[in-house]
Amino acid sequence: DYPVTGESHGVSWSVSFVHLFRMPAFFVLAGFFAALLWKRYGLRQMLENRFERIVLPFGVFVFALPPAVDVGFTFLGTAATGNGSPWTVAYEAAEAQNFWPDDTMHLWFLYDLMCIVVLGAVAVTVFQRLRVPGTWFRGFVRRTVESPWRSLLVFGLANGLWWFPLRWDSIPTNSSWDAWFQSPMLLAYYLVCYGIGWVIYVAETDVQSLRLRAWTLTLLGLVGSLVYYGAGFWLDGYEEQPNVMPPLEIVAAYGIRVMGASIALVGLSRGLAGLF
């Protein structure tokens, strides 16, 4: 219950700005470098590398992170309210930990990536053995990635067509820390991002082409994030009713919000990649 100020809006926008592209970009990069490992070293060494870099850290920190977060928040909460000694209360909280994870907590993305690496390996193996033709698709992805405006149109439109019917209001994350089983649509979304990264590599895309219009796309991404954030004020307070068509202005606001998010997602991902 803090008062809304310009500063709090700035913080809220900065969080939504990063959140709009960080996870799709993460999974695209994961797919790109998994394909690189497969191409250079083969399936077995790729899986061994992913085990060392993903599974082992997850296996350690899925036990260590929940108690650390709980103790940290307990300490800060006590310090903020002044109800007791922060060190004493934090120590008591540490003693009460059972150190057995009930969920993946903030490590949900590594958990998803482990599942996606396995699914991707199975899919590629099946495609190779069945000799599924993919020349046209690889060429389509390569030409799309190498063109700034085509990237914005194709990937932005694809994202919007995914979001709109599912009524997603932001980039999906693990919505339930209590569950070890993800929503199929959520996992599929990141699997597609991973697959795009994979194809970008196997299609021998010229990554130097990401420099083209990098500043322009980054600025468009910033504008898109502002549109996304601003449209949220139109939707603020609206509660959807079952079997009731939302008012036209709500549908329009949501459409604008999805459009802004899609422009921000592609513009910032490709633009920042080009700048770096």
Side-chain angles (χ1 to χ4, degrees), residues 1-2 8 10-34 37 46-121 168-195 197-198 265 268-269 272 276:
D1 297 328
Y2 295 104
S8 64
V11 172
S12 297
W13 170 78
S14 66
V15 172
S16 69
F17 160 75
V18 174
H19 186 61
L20 278 173
F21 70 96
R22 62 188 176 98
M23 282 294 98
F26 171 82
F27 281 99
V28 169
L29 289 171
F32 182 91
F33 287 106
L37 289 168
M46 186 274 281
L47 292 177
E48 288 178 353
N49 178 280
R50 299 294 81 188
F51 181 82
E52 293 174 358
R53 298 297 184 92
I54 301 170
V55 179
L56 290 182
F58 176 84
V60 171
F61 288 101
V62 75
F63 290 94
L65 185 62
V69 169
D70 183 55
V71 171
F73 272 104
T74 300
F75 178 89
L76 292 174
T78 306
T81 59
N83 297 326
S85 167
W87 292 105
T88 301
V89 176
Y91 178 77
E92 293 173 351
E95 283 189 320
Q97 299 296 320
N98 59 17
F99 294 94
W100 185 258
D102 296 323
D103 48 60
T104 59
M105 210 174 184
H106 294 294
L107 301 179
W108 64 268
F109 67 100
L110 289 182
Y111 181 69
D112 279 16
L113 183 55
M114 289 190 295
C115 300
I116 288 171
V117 166
V118 173
L119 291 173
W168 283 358
D169 192 52
S170 63
I171 291 293
T173 59
N174 186 359
S175 58
S176 174
W177 285 0
D178 296 329
W180 284 80
F181 298 97
Q182 289 282 22
S183 160
M185 291 305 297
L186 186 150
L187 195 63
Y189 182 81
Y190 289 126
L191 178 60
V192 169
C193 295
Y194 180 90
W198 185 287
L265 190 159
L268 292 170
S269 297
L272 290 174
F276 280 94

Are any non-hydrogen side-chain atoms of L191 and D112 less than 4.5 angstrom apart?
no
Could you list the residues that satisfy side-chain contact (heavy atoms from CB on, under 4.5 Å) with P66, not counting sequence neighbours?
M105
Report the residue from L76, T78, V71 that forms a side-chain contact (heavy atoms from CB on, under 4.5 Å) with T74.
T78
For F33, the side-chain contact (heavy atoms from CB on, under 4.5 Å) test, sequence neighbours excluded, returns L29, L36
Spacing of CE belonging to M23 relative to CG belonging to L113, to within rounding of 0.5 Å
10.0 Å
Within-4.5 Å side-chain heavy-atom neighbours: Y189 and P24
yes
For the OH atom of Y111 and the CD1 atom of I116, what is their distance to the nearest 0.5 Å?
11.5 Å
Under the side chain to side chain donor-acceptor pair (under 3.5 Å) rule, what pairs show up with a residue in residues 16-28, not counting sequence neighbours?
H19-R22
Across all chains, not counting sequence neighbours, the salt bridge (Lys or Arg N to Asp or Glu O under 4.0 Å) partners of E92 are none
Which heavy atom in S269 sits nearest to a heavy atom in L265, and how many Å separate them?
OG-O, 2.7 Å
Looking only at non-hydrogen atoms, find the nearest pair between I54 and P57 and report the distance.
O-CD, 3.4 Å
Any idea how Y190 and W108 line up, ring-wise: parallel (<30°), tilted (30 to 60°), or perpendicular (>60°)?
tilted
If you measure from CG on L110 to OG1 on T104, what distance do you get to the nearest 0.5 Å?
9.5 Å
side-chain contact (heavy atoms from CB on, under 4.5 Å) partners for F61, two or more places apart:
A64, L107
Working note: F27 + Y194, criterion ring pair (Phe, Tyr, Trp, His ring centres under 6.0 Å); need CA distance, chi angles, decisive distance, verdict.
CA-CA 5 Å; F27 281 99; Y194 180 90; 7.6 Å; no
Nearest heavy-atom neighbours spanning W168 and M185:
CH2-O, 3.8 Å
Just how far is it from atom CD of Q97 to atom CG of D70, taken to the nearest 0.5 Å?
4.5 Å
Counting only heavy atoms not in F73, do more than 12 fall under 6.0 Å of its CZ?
no
Quick one: which residue pairs count as a salt bridge (Lys or Arg N to Asp or Glu O under 4.0 Å) with a foot in residues 49-67, not counting sequence neighbours?
none
Check whether the ring centres of W198 and F32 lie less than 6.0 Å apart, and answer yes or no.
no
